[in-house]
Amino acid sequence: MNIIVCIKQVPDSTQVKVDPKTGTLIRAGVPSILNPYDHFALERALDIKAKTGAKVTLLSMGPNQATAVLRLGLALGADEGVLLSDRAFAGSDTWATSYALATAIKKIGGYDLILCGQMAIDGDTAQTGPGIAYHLNIPQITFCESIDASGNQVVVKKLIEGGHQILEADLPVLVTMTMPPDYVAKYPSFMAAHKAQDKTIHTWTAADIGADPSKLGLNGSPTRVDRIFPPPARAKGEMFSGSAVELANKFVEILKKESVLK
Amino acid sequence: MAKNDLTTRNLMLDSLKQYAKNRISFNFIREHDAKNEIPLDILKEMYDHNILGVHLLLIPEEYGGLGGQTTEIYRICEQLARIDLGIATGVFATFLGSDPLNVGGTPEQKAKWFKKIAHENKLVAYGATEADAGSDLVSLRTRAEHVVKDGKVVGYKITGSKMWISNGGVADIYTVLALAPGGPSWFIVEKGTPGFTQDAHEDKHGIRLSNTAGLSFDEVYVPAENLIGLKEGQGFLQAQAVFGYTRLMVAAFGLGGGEEAVETALEYAGQRIQAGGPLSQKQGFMLKLITPHYVRFEAARAYIDWTAKQLEVNNHGLATEGAIAKLYATESGNKAAEDAIQAMGGFGYTKEFAVEKIKRDVKITCIYEGTSEVLEMTIFRGRWQEHLKSRGQYYLSQAAEFDTIHAQNPNVGADSVALGFRALARVLEDCRANKLTRHQYVTFMLGDLISEMEVAAVFTRECANKRVTEGSRFDIATLSTMARVNARQSAFKTASEGLRLILGTCPTINTAEVSQAVNLVGIEDKMRGLIDDMDTVSAKLREIFKK
């Protein structure tokens, strides 16, 4: 079985601030990490590898620095990596990005299962995975918390409003993964990190994958980000404690004070 | 296999950070600190190949290790120190304990013992210190006597005692320095060898998560094959060969401990509202308690990294540079931790916050692997020889180099470095001409001034070369501003302190003449713009550490 896991390097969003004046992200001193959803998807791919001996190929698009997340994936146990790196890709929205990734996946070829994180924490769009499935014209299952693959099939647990579904699908299929709240990401041992240096990372340009330049970058992107802004700060709530009667009285008193009740 | 590249180093650091985040909470540390207890499970996990395998860095590749470069080992040491200096000490003791083997072991000895350490997750301890022999190993009393069979030395009987040995009570393998008939020599002693006992764990001021104990040897028999290098009398050489290296690691401890303390204080200051705004917005607060420490941390980082790169080329040696790195970084870290408590006021003084513990911990870095005073003496001796050999030109020629740097890059404080070096050269020369180094105090203080100037020089030169030190979170513009601040203060300290020493010890010297010669006024003149520069650094700190 051949599994391709799409991964992205993102700024550690727990440390990113938005400049309220310019609406741009303050990236100074913010470390880059592997998108946590992708990290989870990769670990599930490696579980399948452990069980079935599948080959796991990592695919990422980004500048050269994105090699760091490919190395992390290789250190965790993936077999090889592909980095799409070219100025032609710069400025791509989710549509152009999924076109580029799908084109690269066609070049890698022979895939059975494509795993993506549900979304990247720097954009929260959740569109790239489905976009890839569209461009490859294969089925997709999104928002899955677990996956098991054997033979020619996958079984997934897909989260839905108020519960979950257990779904089966034939290969090839694209699955996007979301992690349970108690998920703790695995990191490689020092020796594994060291050995990952000897694994191959291919760097491909737009020309290498035979992508149509008009479908890449800003030209190939039908959407534009107008502006980014943090939600306005909400006034701090006031907490009261006491018996039900005291609290009800307090509540009425405040509503009167605020002229909601007369 | 190739040497670890920067990406791999960063991966290792991330793995270590994530491990600590998941397994070593502040409450966990606090409990162990209160109980004075080493978290052995954590150390064993850190040594576990499948979890981290930190100790593999010190083991050469041919014996199943990672053959870590000095750079990655110091960066791991810095990160370990940020987690907890006690745990860091426990890991470091294995590094240190393995060093005699690394330096002096035969290939067969390395194969045997490194494989054990690598694959069986063994803790190692370094047994050198005795009641009367700290850095002064000449006073060594532990003895190793020949055991002869059929006219051949088949083994040794070791008798004596060691004190303050890190991992002393918990290690599996000990490298022990003892006086053999042929001179001081290192021996490998395994736990459980008859006659070998470990004393109770010390009740220490800090690093309470590390085990420290005395060792007693009562005619402990070890086979001749446990003599490291199979040749007696190599012990001091083997010990000294790694001082440059081991002291660099402790320098990284001082840096990491200090950074953790000040970062905790700065985070607090971003949230603590006083007189209408957060403390971190107050100029006086930042310039007095926070900003100068970051300047010194970055100077220390540049110097440690530069020395590490030199050690990677030269393998061993660089005793003076290792001493400079340790003196500067650990004293800076210690002062920073002290100020971190002050910056957090009453909160900082309680055990609810980490800075109080870090302050207790980081003090050890000014003591173990050579006290600051021993280092000052080492640095003084090393450079005094250079001063004499070059007939006073040693620092003057470096001053000329910094004139050139300043001409090409006027924004990195190279002018102040040049002035500082000239002042230092003059102070050393006056000390020589007037025999002032007969005062031991003068030699200590000169060691300190030399370290101050040499660190400033490296930091400034790295900035002039537009090199951002690995692991630094600042851009080159901020680092250059920091280098300017640092160079001015180092030059000022050198000139003013140098004058104090000369005038304080030499009644015949002419005050006006010597004062002019060290050019204190010229150095003071460079202070223009200093506070603006420090404000710039403060603003950057607020940006980077804003929550």
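Numbered from 1 within each chain, the chains take letters A, B, ... in sequence-line order.
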Taking only residues two or more places apart in sequence or in another chain, which ones pass ring-ring contact (aromatic ring centres under 6.0 Å, His included) with B:Y63?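 For B:Y63, the residues satisfying ring-ring contact (aromatic ring centres under 6.0 Å, His included) (neighbours in sequence not counted) are B:F114.
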Other residues, nucleotides and ligands only: do more than 12 of their heavy atoms fall within 6.0 Å of [atom1] on [X]?
X: A:K186; atom1: NZ; answer: no
X: A:K107; atom1: NZ; answer: yes
X: B:K44; atom1: NZ; answer: yes

Stepwise side-chain contact (heavy atoms from CB on, under 4.5 Å) check, B:E72 with A:H194: CA-CA 12 Å; B:E72 59 228 20; A:H194 177 71; over 6 Å; no
Can you tell which part of B:I76 gets under 4.5 Å to a heavy atom of chain A, answering side chain, backbone, both or neither?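 Only the side chain of B:I76 comes within 4.5 Å of chain A.
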Go through the atoms of B:L52 and report whether side chain, backbone, both or neither lie under 4.5 Å from a heavy atom of chain A.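 Both parts, backbone and side chain.
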Applying the side chain to side chain contact (heavy atoms under 4.5 Å, CB included) criterion to A:F190, which one of B:V54, B:L56, B:N4 satisfies it?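 By the side chain to side chain contact (heavy atoms under 4.5 Å, CB included) criterion, A:F190 pairs with just one of B:V54, B:L56, B:N4: B:V54.
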If every non-hydrogen atom of [X] is compared with every non-hydrogen atom of [Y], which pair is closest and at what distance?
X: B:K3; Y: A:Q197; value: O-NE2, 3.1 Å
X: B:M12; Y: A:A193; value: CG-CB, 4.1 Å
X: B:S15; Y: A:P188; value: OG-O, 2.7 Å

What residues of residues 72-80 of chain A make heavy-atom contacts with chain B at a cutoff under 4.5 angstrom?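 The residues closer than 4.5 Å to chain B, in numerical order, are A:L72, A:A75.
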Measuring from A:S189:OG to B:L16:CG, what's the distance to the nearest 0.5 Å?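 Result: 12.5 Å between the selected atoms.
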Please, which pairs that meet side chain to side chain donor-acceptor pair (under 3.5 Å) have at least one residue in residues 62-76 of chain A, sequence neighbours excluded?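 Passing the test, one end in residues 62-76 of chain A: A:R71-B:D5, A:R71-B:T8.
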I'd like to check the side chain to side chain contact (heavy atoms under 4.5 Å, CB included) partners of B:E259; sequence neighbours left out, ordered by chain and number.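 B:E78, B:R82, B:L255, B:F297, B:R301.
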